[in-house]
Number of protein chains: 2
Amino acid sequence: MEPAQALRADARHNRVRILEAAREAFATRGLDVPMAAIARRAGIGVATLYRRFPSRESLITEVFGDELATCASVVDEALADPDPWRGFCSAIEKVCTMQVADRGFTDAFLTAFPDAIDYERTRVRAEQGFAEVTRRAKAAGRLRADFDLADLTLLLKANCGVATGTSEAAAAGSRRLVAYLLQSFRAEHAEPLPPAPPLTLDFLYGSATVR
Amino acid sequence: MEPAQALRADARHNRVRILEAAREAFATRGLDVPMAAIARRAGIGVATLYRRFPSRESLITEVFGDELATCASVVDEALADPDPWRGFCSAIEKVCTMQVADRGFTDAFLTAFPDAIDYERTRVRAEQGFAEVTRRAKAAGRLRADFDLADLTLLLKANCGVATGTSEAAAAGSRRLVAYLLQSFRAEHAEPLPPAPPLTLDFLYGSATVR
DNA sequence: AGCTAAGCGGATGGGGTCGTCCATTTACGT
DNA sequence: ACGTAAATGGACGACCCCATCCGCTTAGCT
């Protein structure tokens, strides 16, 4: 993942400064913050930034690799919870909180990364873990049987819509939305639903691609 | 609203072509489609566009005035329905469908218009009408008592998040989200919720302002 | 038909971002 | 201490978008 071995000491140092700056910048200004702004915040020149990360995408991938890993660990925690339903709920709540806190993270979920292998690998791992959480929660009779994995995407995208701005109000909105939806996800009193959207790429990512 | 009287015939003609082109462009490409693209689609020069609508905002206001009026009439239909709950549900379903069909409409809901009076007036009218729908649905014992008007905004914003792209999948997602939420809104089996977000401006509009 | 003001659209300047090039600086092995 | 290759950063050209200016065209009245 990191060919950062052969780098000279100063280059290695700058590399982490770039990543810190990018994380901050993405979090507060979203994914399309100018590259120059990131460079300035890191206290380096634009050229250095471009040499280290040839495309904006590679930078994003690197930055959100960590946060995606956090997602995966959230799923692992959910799997470790003896109560499948509680695990299910807290996993969703945690991820949604992360989304609200970080605007770039929100965007990253909506954006297609044609060739970010590591990224995609972790994502798939988290997804499969969550599928297992789902399976258990259904088996325990707490999660409605017609819950579809696409409903997770649905919830995340809905949460994205609520998470505009980083204000406290957005956080409150997100909490409430999640509470509403979790209530609907419960097996008790479940009523028929329209079919889940197919989990195609253009639903996952809208039609957005990073430039 | 329309000082289009004193215009020469050709100018009047071009004005409607601009509006048509703008409606299409906003619907398919979102609110920040280049002005030049609108002009080209309308088959006129940029200058003409700017003379007729000095700011992008004035154009948006004009274009979405109609659609907002449709919203208001949707609310009126809901008020006319003898069954308050059915009115409540169908109003929400209709507006959400509109949002999915028109990307610009979605954006318009998220964007602040500091001085679009007509626009704002209609919006307030629709909002008050919906408040009445809400009151009746609660009185009929169908809508949960702790439903807050901010929950409508919450739902609309959530729906915006789902409505990226104009694909059929987005429509299916929206329908399912709405079904989930309407189920949670029902009075029966309602459970405690975290507090509703305050209906402040920065929640309504994120921190977005049209440029 | 002819006049005039309204209307038109291309060209243009100003601002902003992207991504590269190259002269200069700096780390690090000897 | 010194030489070399790695690393740096500012300047630059290309592109895109906004919004205005100005010389030309045309509708509509008499």
Side-chain angles (χ1 to χ4, degrees), chain A residues 2-22 24-26 28-63 104 107 111 113-115 208-211, chain B residues 2-22 24-26 28-63 104 107 111 113-115 208-211:
Chain A
E2 310 225 339
Q5 310 306 355
L7 287 182
R8 226 168 62 177
D10 53 345
R12 227 176 313 131
H13 178 240
N14 275 345
R15 191 173 191 278
V16 320
R17 296 196 57 177
I18 291 176
L19 286 173
E20 284 167 8
E24 287 175 28
F26 287 148
T28 59
R29 297 221 256 156
L31 244 38
D32 24 350
V33 59
M35 293 295 255
I38 298 177
R40 205 177 327 115
R41 193 186 285 242
I44 58 158
V46 205
T48 306
L49 176 52
Y50 274 105
R51 194 172 323 102
R52 213 51 69 208
F53 300 95
S55 68
R56 168 190 236 87
E57 182 188 322
S58 60
L59 181 57
I60 294 176
T61 304
E62 192 73 27
V63 166
D107 291 355
T111 314
F113 294 102
D115 39 58
T209 307
V210 99
R211 73 183 85 150
Chain B
E2 310 224 340
Q5 311 304 355
L7 288 181
R8 227 168 62 177
D10 52 346
R12 226 177 314 130
H13 178 241
N14 276 345
R15 190 173 191 278
V16 319
R17 296 195 57 177
I18 291 176
L19 287 174
E20 285 168 8
E24 288 175 25
F26 288 148
T28 58
R29 296 220 256 156
L31 243 39
D32 22 348
V33 59
M35 295 294 256
I38 298 177
R40 204 175 328 116
R41 193 187 287 241
I44 59 159
V46 207
T48 306
L49 175 51
Y50 275 103
R51 195 172 322 100
R52 214 52 68 210
F53 301 94
S55 66
R56 165 187 238 89
E57 181 187 323
S58 61
L59 181 56
I60 293 175
T61 305
E62 191 74 26
V63 166
D107 292 355
T111 314
F113 294 100
D115 39 58
T209 307
V210 100
R211 68 184 89 147

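In the text below, chain A, chain B and the rest are named by the order of the sequence lines, each starting its count at 1. Predicted model only: the values in this text are computed from it and were never measured.
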- DNA chain D nearest-nucleotide lookup for B:S55 and A:G45: closer to the 5′ end is A:G45
Got [X] and [Y] here, is their nearest side-chain heavy-atom distance under 4.5 Å?
X	Y	result
B:E62	B:R15	yes
A:R29	A:P34	yes
B:L59	B:L19	yes
B:N14	B:L7	no

- B:Y50 has its side chain closest, among D:dT20, C:dG19, D:dT8, to D:dT20
- Note on the structure: Side-chain atoms of B:P34 come closest, of C:dG7, D:dA19, D:dC18, to D:dC18
d([atom1], [X]; [atom2], [N]) in whole Å:
X	N	atom1	atom2	result
B:D32	C:dG16	CG	C1'	15 Å
B:L49	C:dA11	CG	C1'	17 Å
A:R41	D:dG9	CZ	P	17 Å
A:I44	C:dT25	CD1	C1'	16 Å
A:I38	C:dG19	CD1	P	12 Å
A:R40	D:dT8	CZ	P	19 Å
B:R17	C:dG7	CZ	P	17 Å
B:L59	D:dA19	CG	C1'	14 Å

- Under 4.0 Å between a side-chain N/O of A:T48 and OP1 or OP2 of D:dG9, yes or no? yes
- Query: Does B:N14 have a side-chain nitrogen or oxygen under 4.0 Å from the phosphate oxygens OP1 or OP2 of C:dC8?
  - Reply: yes
- Message: Using a heavy-atom cut-off of 4.0 Å across all strands, would you classify B:R52 as base, sugar-phosphate, or nothing?
- Response: sugar-phosphate
- Is the backbone of B:L31 close enough, under 3.5 Å, to the side chain of B:R56 for a donor and an acceptor to pair up by distance? yes
- Where protein sits on nucleotides 22-30 of chain D, one letter per nucleotide: B base, S sugar-phosphate only, - none, heavy atoms under 4.0 Å: ----BBS--
What's the spacing between [X] [atom1] and [Y] [atom2] if we round to 0.5 Å?
X	Y	atom1	atom2	answer
B:I44	B:L49	CD1	CG	5.5 Å
A:I38	A:E20	CD1	CD	13.0 Å
A:R12	A:R52	CZ	CZ	11.0 Å

- Task: With axes from five pairs an end, tell me the bend angle of the helix from C:dA1-D:dT30 to C:dT30-D:dA1, nearest 10°.
- Result: 10°
- Item | Trace of the side-chain contact (heavy atoms from CB on, under 4.5 Å) decision for A:I60 with A:D107 | CA-CA 10 Å; A:I60 294 176; A:D107 291 355; over 6 Å; no
